[in-house]
Structures are given as structure tokens and as C-alpha cells.
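What you are looking at is a predicted structure, and each value in this text was computed from that prediction instead of being measured. Below, chains carry the letters A, B, ... as their sequence lines are ordered, and counting in each starts from 1. Only heavy atoms go into these numbers, but all of them, side chains included; no hydrogens, no water, no symmetry mates.
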Amino acid sequence: MTLAISIQNLAKTYANGFEALKGISLEVQEGDFFALLGPNGAGKSTTIGVISTLVNKTSGSVEVFGKNVDTHVYETKLDFGVVPQEVNFSLFEKVRDIVMTQAGYYGLPRKLAEQRCEKYLRKLGLWEKRDERSRTLSGGMKRRLMIARALVHEPKLLILDEPTAGVDIELRRSMWEFLTEINNSGTTIILTTHYLEEAEQLCRNIAIIDAGKIVENTSMRKLLNELDSQVYILETTSRIPSGFDLELDNASLEIVDEHCIEVTVSGGLSINEVFALFSKADIKIDSMRNKTNRLEQLFLSKLESND
Amino acid sequence: MFSNHKYIAFETIVRREIRRFTRIWLQTLVPPAITIGLYFVIFGNLVGSRIGEMGGFQYMEFIVPGLIMMAVIQNSYSNVVSSFFSHKFQHSVEELLVSPVPNYIILSGFIVGGMARGLAVGTIVTVISLFFADLEIQNLFITVTVVLLTSIVFSLAGFINALFANSFDDISIIPTFVLAPLIYLGGVFYSVELLPPFWKFISALNPIFYMVNTFRYGILGASDVDVTWAFFILCVFIVILFTSCIFLLRRGTGLRT
Ligand SMILES: Nc1ncnc2c1ncn2[C@@H]1O[C@H](COP(=O)(O)OP(=O)(O)OP(=O)(O)O)[C@@H](O)[C@H]1O
Ligand SMILES: [Mg+2]
């Protein structure tokens, strides 16, 4: 199987001395839908910047479909399209001109460029806006315009830097559908995100990056299996007797005070079984909440194991 | 992918540049026409009639070539520096940097864009000048070549300015503090024959002096400089500036972090 991207020991130290990438290695198979997940400042955009040549790397190597981006500048660039995190088209130009200009940069003859321009503007719901100046678009439309622009030369690899940040739920769903469709038709997709749910919905493989290091690189399925332990905080109306225990294999608890208890549930155990034991012991539960969101939990466990 | 990719990319950049300055024609084409029209009225007509002759010609005839050249220089420079800097400022330059367009095509596209504006304004000014003076071009070849080469030189210079610029101030500093003095002291308004030896020598170090005078030679048939030498200087400038631009683009100065 060919690799769409192969990154080896990539390091980047910015001019101010900041080490944004500390030697990361990453491989993405052709046809994959790959997530690069990480908190703010982790180095996601820097990594994409290096692939797309906007950031000069300090050391390491990047290959796109088996070709080095330094020595095969021309071929590698034809093979990918990038949707950046921030708006980077001219705000004074018309929607159609922006896409047509991009097509020109990739050498598409005018006729073909016009067809593709219409095709992708329609797909992304922007065809009605084609003659508007881009600054009049809403935030979500601007993002879709950047997706249309990245697709006009029909690259084999599409890289999206937080495509759904600041996009409403409905639009996010339709973007997810669109990306899945593109991926099903054979385009390799790499996207960065802050949302585990997004990666979970879309991606088959995932790398987690934090502070310039890859802390996990695995399949989505494996990761979710690891993740199935949940911590709940239960507030009770009745007092919790000291020494109270659930005596269940997949649940442990910690008494915070006489009206509050933390229960960790794992291994597919249903929270209902926990509740049943509580009512058996005559403890009334007033409220329940998740202690951490799953992403936070995931990061904590990954970072702990990396320290 | 496509055999004529480079040509298509080049044409795309040029189209985009021309579209930009024609879209904002009120800022790009009209002001220089008005300013230089005023020069014709004030210096050529009103003051000029008192000056009499300059370098063997009516004062009006003398300054027309200089003012056309001034328009070409300022507008070529200004088009490239504003356009390229604004692409940097809005990050739309990333569209080009991420795409497979070679550096020399990017550069050539912007230069031809600068030339298009320089020549457009130059033409407008020439048409206006016809209301004030009867010009008979003495040597068409020299006139056209020197205008084209000068326009290339200042488009390149504007490009370098834009690469190094980090703010809108940075794109007005050079035109104000370097370009304007060089133009005004470059023999647009007077013949160096009037100057004392020291200032004559200083003028000889000003490249614009050669361009203006060669252009004047093309139109009027007489000038303060050796035309061959002037063409040589122009070519040297083009080679040096073009090479520097390519070097800076390759290094990513002001563009890649
Ligand atoms: N030009 C620069 N000069 C200096 N430091 C930089 C530069 N660009 C980014 N950094 C730093 O590098 C680190 C990684 O930045 P990067 O943009 O790659 O993060 P990210 O993972 O994309 O974050 P986010 O999710 O917020 O977009 C950050 O600490 C950032 O401050
Ligand atoms: Mg980012």
C-alpha cells in the first residue's frame, strides 16, 4: 500500500527559538481518513505548514506519495490541496475569481477550470454566491469556499486544518457528509481537530500531538476501546454509609464526602447496574454528572503515560 | 499534469493583477493623471513660458518626456509593492506559495502586472500631454525599449520592497524617501548642463537620470547621456534585481516562517 504522507523526525524551531515540533514521525496510508488531534499550540498547523511549504522545517523529511517535497516540489504540490485554519483568500475578490485563479495556478485550461469551479461551488452550496465579493460571505461560507478552492485541481490528498471550527452543528454535519463522500471516492483526507467526536465520526486512524510530540498513533477503534472507562460524580440525598462498596469487577468508587461519591465504570458495565446497587443499599441519588469530558481524559492518560 | 501549466499560471497572475488595478481605477489610474496634468499646466504652461528654453527645447517640450517617465516609474513600482504586500497582508499570497507555480513565474507575473499599470498610466499621461505640446517621436525603438526596461526595473524594485515590508508604513517609506528624491533629481525638470560640476557628478550616480534622458533622447533626439551606456545600466539593474528577487523568493524571505 502506498503512503500518502510519510513524515520522519520532523522538527521545527521558529525564529524566536520556540520548538514547535520536536521530531515527529507520522505515516498516513493512501485512501485513509486520518485525524491529527491536539490541544491549542500542539503543533498541528506547523506540521501542515511544513507539508505545504509555508513553514521551513528545521530538520527531518516529508514525502507525499513517495516523493520528497524538497526535491520534487512540483509533482508533490500537484498531489495535495490544503484548507488552512485561517481565511487566506483576498477579501476584495469575487468567489468565482478566487476559485478560477487557484485553478490557473494549477495549470487547468480555462474550460476545465470553469467546469470544476461550478462543480465544487455547487457542491459546497456557494454557486449562488459566485459573483459576490468574498468579504460578504459568512464565516461558514468562507470555510466552504476554501474547501472548494482546495478541490478545484482534484488532489489525491486533501489536508484540512480545523475545517469545522466555528461552524454550526447543522453545517458541521453536512461538511462531515461531504468529506466522507470525497474520501469514499478515493481521496485521502487528513484533518486536524480539537474535537474527539469529530475524529470519532469521520476518521479511521488518528495521531495525537501535544507540545510538538506525537503521544499516540493508532486506529480510532483501538483508541476508543481504551477510552471506555468513565468517571461519574453522584450526589446523594441520603447519607453514604462509610465503608460502602459496590463489589463489582468493573466499577470502583471513592467517597468524596457523605453526600458525594465518584464512580469509575469500565469494561462495558452499564451505569444502570451501579444504580441498582445504590438503590439496594437504600441510597437515593440526587444528581449525576460526568467528571471529565472524554477528550480531557484521553489527553491526561496519554500525557501521563508519556512523562 | 498540463503541458502549458506554467504559461496558464503566468497568465492567471497577470490577469489578476490587471483586474486589481482596473477595479480600483479611481486610486490607481486617475490620481497620477491629475497630478501630472497639473505639472503640465503649472510648470509647462505657466512657469515654463517664462523659463524659455531648456537643453535647446521649449520648456514644455523638455519636461513632457520626463513627466511621462516619472508616471511610468512611480506606477510600476507602486502597483507591484501595493499588490504583493496586500497579498502578504491578507495571506492570499499563500495560495501561490502552496501551489506548484515556480518562483520565476510568480515574479514575472507581478512584473508584467506592474508594467501594465506603468504603461497604462504612461499612455494616459502621454495623451494628456498632447494638449500641451506637439511631440514627434524621433526614435521609436529607443523610446519604447527604454520605457519597457525602466518599467521592469521599478516593478522588480517594488517587489523587493514588498518582500521586506511588514506594515503599510514600510511600503510608503521607500517611495517617499528614496524614489521621489531620485526622480525629482533625475533630470525630469532640468538639464544637468545647468548644474555645477559636483552636482553633475552626483546626478551621474542616479540611475533614473539615465532612464529619463534616454527616453527624452528617443522623443526629442537630444539628451544629456550616452544612450548605449544607459541601456547597459538598465540591463545590469534588471539582472541584479531579478536575481535578488529569485534568491529572496527561494529563501522565503518575508513569506515563509
Ligand atoms: N511564526 C511563529 N513564530 C513563533 N512561534 C510560533 C509561530 N507559529 C506558531 N508558533 C508557536 O508554535 C506552537 C505550535 O503552533 P501551531 O499553530 O502549530 O499549533 P496548533 O496545534 O495548530 O494550535 P491550534 O489548535 O491553536 O491551531 C505554538 O506554541 C505557537 O505559539
Ligand atoms: Mg492550528
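No part of I106(B) comes within reach of chain A, as not one of its non-hydrogen atoms sits under 4.5 angstrom from that chain. For chain B, the nearby parts of V55(A) are the backbone and the side chain; heavy atoms of each come within less than 4.5 Å. Only the side chain of F80(A) comes within contact range of chain B, judged by heavy atoms closer than 4.5 Å. Contact of R20(B) with chain A is not made at all, since no heavy-atom distance falls under 4.5 Å.
Every side-chain contact (heavy atoms from CB on, under 4.5 Å) that E94(B) has, sequence neighbours left out, goes to L54(A), N88(A), H91(B).
Ion pairing of R149(A) with E95(B) is present here, as a side-chain N (NZ or NE/NH1/NH2) and a carboxylate O approach within less than 4.0 Å. Residues R23(B) and E93(A) are not paired through a salt bridge, judged by the lack of any N-O separation under 4.0 Å between the basic side chain and the carboxylate.
Of the residues considered (I98(A), D97(A), V82(A), V73(A)), D97(A) shows the highest number of contacts with chain B, using heavy-atom pairs under 4.5 Å. In terms of non-hydrogen atom pairs under 4.5 Å with chain B, the most contact-rich of T76(A), V87(A), T101(A) is T101(A).
Between atom OH of residue Y105(A) and atom CG of residue L96(B) there is a gap of 3.5 Å, rounded to the nearest 0.5 Å.
The shortest distance between side-chain heavy atoms of Q90(B) and F89(A) does not fall below 4.5 Å.
Heavy-atom neighbours of chain B within the stretch residues 40-53 of chain A, taken at a separation under 4.5 angstrom, comprise S52(A), T53(A).
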